[in-house]
Amino acid sequence: MSAVSRPQGARPRVLVTGGAGFIGSHTCVELIQSGYDVIAVDDLSAGSAEALDRVHAITGVLPILERVDVTDRHALATVFERHSVDAIIHFAARKAVGESTEIPLSYFHTNVAGTATLLAVAKEAGVTRIVFSSSCSVYGETRAQLLDETAPIAPTNPYAWSKHAAERMIDDGCRYHSDMRAISLRYFNPIGAHPSGLLGEVPVGTPRNVIPYLAQVAGGQRERLNVFGADYPTADGSAVRDYVHVVDIARGHVDALDHIDDHPGMQVFNLGTGEGTSVLELRAAFIEACGRDIPYTVLPRRPGDVPRLVADAGSVREAWGWKPQLDLAAMCRDSWNFQVANPRGYADAGRP
Ligand code: UD1
C-alpha cells in the first residue's frame with residue numbers, strides 16, 4: 001500500500017509540477033495506472049497541454065491542468081486552495097546545460113526560487129511529502145567508474161548548481177521541520193518514449209540533447225549528428241553517459257511515493273542503469289533501431305561536458321527493488337517510434 005494515502009479509500013492525490021513535460025507526462029501515466037489522482041501544474045513554457053491529452057488517451061483519465069508558473073507564489077497558493085493534495089512531485093525546471101551558461105540567473109530563478117516558493121506554499125497548505133527531480137550532474141567531473149550517492153558534489157554548470165541548491169534547500173527543510181519527508185531522485189540520462197508512441201520528448205526549437213537530435217537526423221529533418229568531442233579518455237573517444245528509459249524513471253517516482261515514509265528527512269537515490277554508453281555507441285544503437293544511416297561530424301567538446309557519468313544504482317535496488325526493465329535497444333526503438341508517429345512533436349495535433 002502507498003505510504004501516501006487518504007482515509008476512506010479515496011485515491012491519494014499528487015500534485016505534479018512540470019506534469020506536461022517529458023518526464024512529468026510519463027510519470028502522470030504511471031501514477032494514474034498505480035491508483036493516484038494527478039493535478040499537473042505547468043506554465044506550458046516547455047511542456048504541452050497535448051501531452052496531457054495523450055496521458056488521457058493512454059490511461060482513460062485526463063489529469064487536471066493548472067497553468068501556473070511555480071515562481072508565482074499567489075497563483076500557486078490558489079492551486080493548493082482549490083485542491084486538497086497529499087504529496088508533490090516537483091519536475092518544473094529549466095534543464096538545458098548549455099543554455100544555463102548563457103542565462104544562469106534565469107536558471108536560478110526558475111529552479112531555485114521556484115522550489116523555494118513551492119516549498120513555502122506547500123508548507124502553508126500542510127503538504128509535507130515531496131519527491132524532487134534532481135540530476136546526476138550534481139556530481140560533476142569524476143574519476144570514479146560508477147557513482148554512488150556519496151560521490152562528491154561538484155557541479156560544472158549553473159543548471160547543476162541550481163539542482164544542488166534546490167536539493168540542499170529541501171534537505172534543510174526536512175532537517176528543521178520534523179513533519180517533512182522528501183526523496184531526491186538523481187537521474188542519469190533519461191531517454192526513450194512511451195511504448196504507445198503517444199508520449200515522448202518534444203524539444204523546443206533545435207534539440208540540445210543527443211537523442212532528440214539523433215531522431216531528427218534519422219527522420220530527415222537534420223543533416224548530420226554533431227558529436228561533441230572524440231578526444232575524451234574513453235574507449236572510442238566520445239563521452240560516456242548512463243542512458244535510462246523514461247518509463248523506468250517514471251516508475252521510480254511511484255516507488256518513491258510508496259517509500260517516502262521509510263526514513264525521516266530527505267533520502268537521495270540515483271536512477272540509472274549502471275551501463276555506460278558512448279555517443280558513438282548510442283548512434284550505432286539508434287541506427288539498429290531505425291534501420292537508417294546517421295551521418296555524423298566530430299566537433300570540439302561542448303563546454304560544461306564531462307567525459308563519463310555512470311550510476312551505481314545499487315542503493316535504490318536494495319531499498320525498493322527498483323531496477324531498470326528496458327534496455328538501450330528499447331530506448332532507441334521507442335524514441336524512434338515517437339519520432340515517426342510525431343515528426344513535428346505535438347504540433348500535428350494542433351498544439352505546440
Ligand atoms: C545533461 C545533464 C543531465 C540532465 C540533462 C537534461 C550533465 C553532465 N548532465 O545531460 O543531468 O538531466 O542534461 O537535459 O550536465 N551530444 C552530442 N551531440 C549533440 C548533443 C549531445 O554529441 O547534439 C553529447 C554530449 O556532448 C554528451 C552526450 O551527447 O556527451 C549526452 O548529451 P545530452 O543529451 O545533452 O545530455 P547531458 O549533457 O549528458
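Everything quoted here is computed from the prediction, not taken from an experiment. Side chains included, hydrogens not; waters and symmetry mates left out as well; all remaining heavy atoms used. Every number for a ligand or one of its atoms is a count from 1 in the order of the listing.
- If you check which protein heavy atom lies closest to atom 12 (O) of ligand 1, you get Y159 OH, 3.6 Å.
- The pair R168-D171 fails the salt-bridge criterion, with no side-chain N (NZ, NE, NH1 or NH2) lying under 4.0 Å from an Asp/Glu carboxylate O.
- Residue-level proximity to ligand 1 for V97 is carried by the side chain, the only part with a heavy atom below 4.0 angstrom.
- Here the protein heavy atom with the shortest distance to atom 34 (O) of ligand 1 is V210 N, 2.9 Å.
- Cation-pi geometry between R222 and Y213 is met: the NZ or CZ atom falls under 6.0 Å from the ring centre, inside 45° of the normal.
- In the displayed structure, F228 atom CZ is contacted under 6.0 Å by more than 12 heavy atoms of other residues, nucleotides or ligands.
- Nearest to atom 16 (N) of ligand 1 among the protein's heavy atoms is F228 CD1, 3.7 Å.
- In terms of protein heavy-atom proximity, atom 11 (O) of ligand 1 is nearest to S135 OG, 2.4 Å.
- In terms of protein heavy atoms, atom 9 (N) of ligand 1 is closest to S137 CB, 3.8 Å.
- Salt-bridge annotation for R129 and D86: absent, with no side-chain N of the basic residue lying under 4.0 Å from a carboxylate O of the acidic one.
- The shortest contact between atom 26 (O) of ligand 1 and any protein heavy atom is with D305 OD2, 2.5 Å.
- Remark: the Q267 side chain and the H259 side chain contain no N/O donor-acceptor pair separated by less than 3.5 Å.
- Atoms of ligand 1 found under 4.0 Å from any heavy atom of R208, numbered from 1 in the order shown, are 20 (C), 35 (O).
- With a heavy-atom cut-off of 4.0 Å, N157 touches ligand 1 through its side chain alone.
- With respect to the salt-bridge test (charged N to carboxylate O, under 4.0 angstrom), the residues R181 and D262 do not qualify.
- Residue L309 has no N or O atom closer than 3.5 Å to an N or O atom of ligand 1.
- At least one N/O-N/O distance between N209 and ligand 1 falls below 3.5 Å.
- Atom CD of residue E30 and atom CG of residue D248 lie 9.0 Å apart, to the nearest 0.5 angstrom.
- Residue C136 has at least one heavy-atom neighbour below 4.0 Å for each of these atoms of ligand 1: 11 (O).
- The option from S100, A239, P303 that lies nearest to atom 30 (O) of ligand 1, judged by heavy atoms, is A239.
- Close approach of ligand 1 to N226 (heavy-atom distance below 4.0 Å) involves ligand atoms 17 (C), 18 (N), 19 (C), 22 (O), 23 (O).
- Here N189 has side-chain heavy atoms under 4.0 Å from ligand 1, and that is the only part of it that gets that close.
- Distance check: S100 OG to L105 CG gives 11.0 Å after rounding to the nearest 0.5 Å.
- Here's the thing with K95: one of its N/O atoms is less than 3.5 angstrom from an N/O atom of ligand 1.
- Between the side chain of D242 and the backbone N or O of A311, at least one donor-acceptor pair lies under 3.5 Å.
- Protein heavy atom nearest atom 24 (C) of ligand 1, with residue, atom name and distance: V279 CG2, 3.7 Å.
- Less than 4.0 angstrom separates some heavy atom of V227 from each of these atoms of ligand 1: 22 (O).
- Contacts between Y243 and ligand 1, counted as non-hydrogen atom pairs separated by less than 4.0 Å, involve the side chain only.
- To the nearest 0.5 Å, the span separating OG on S84 from CZ on R13 amounts to 5.0 Å.
- In this structure, F80 CZ and K123 NZ are separated by 13.0 Å, a value rounded to the nearest 0.5 Å.
- Ranking the protein heavy atoms by distance from atom 39 (O) of ligand 1 puts R241 NE, 2.6 Å first.
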### Query
Passes salt bridge (Lys or Arg N to Asp or Glu O under 4.0 Å), E167 versus K163? Steps please.
CA-CA 6 Å; E167 252 191 10; K163 286 290 172 185; over 6 Å; no

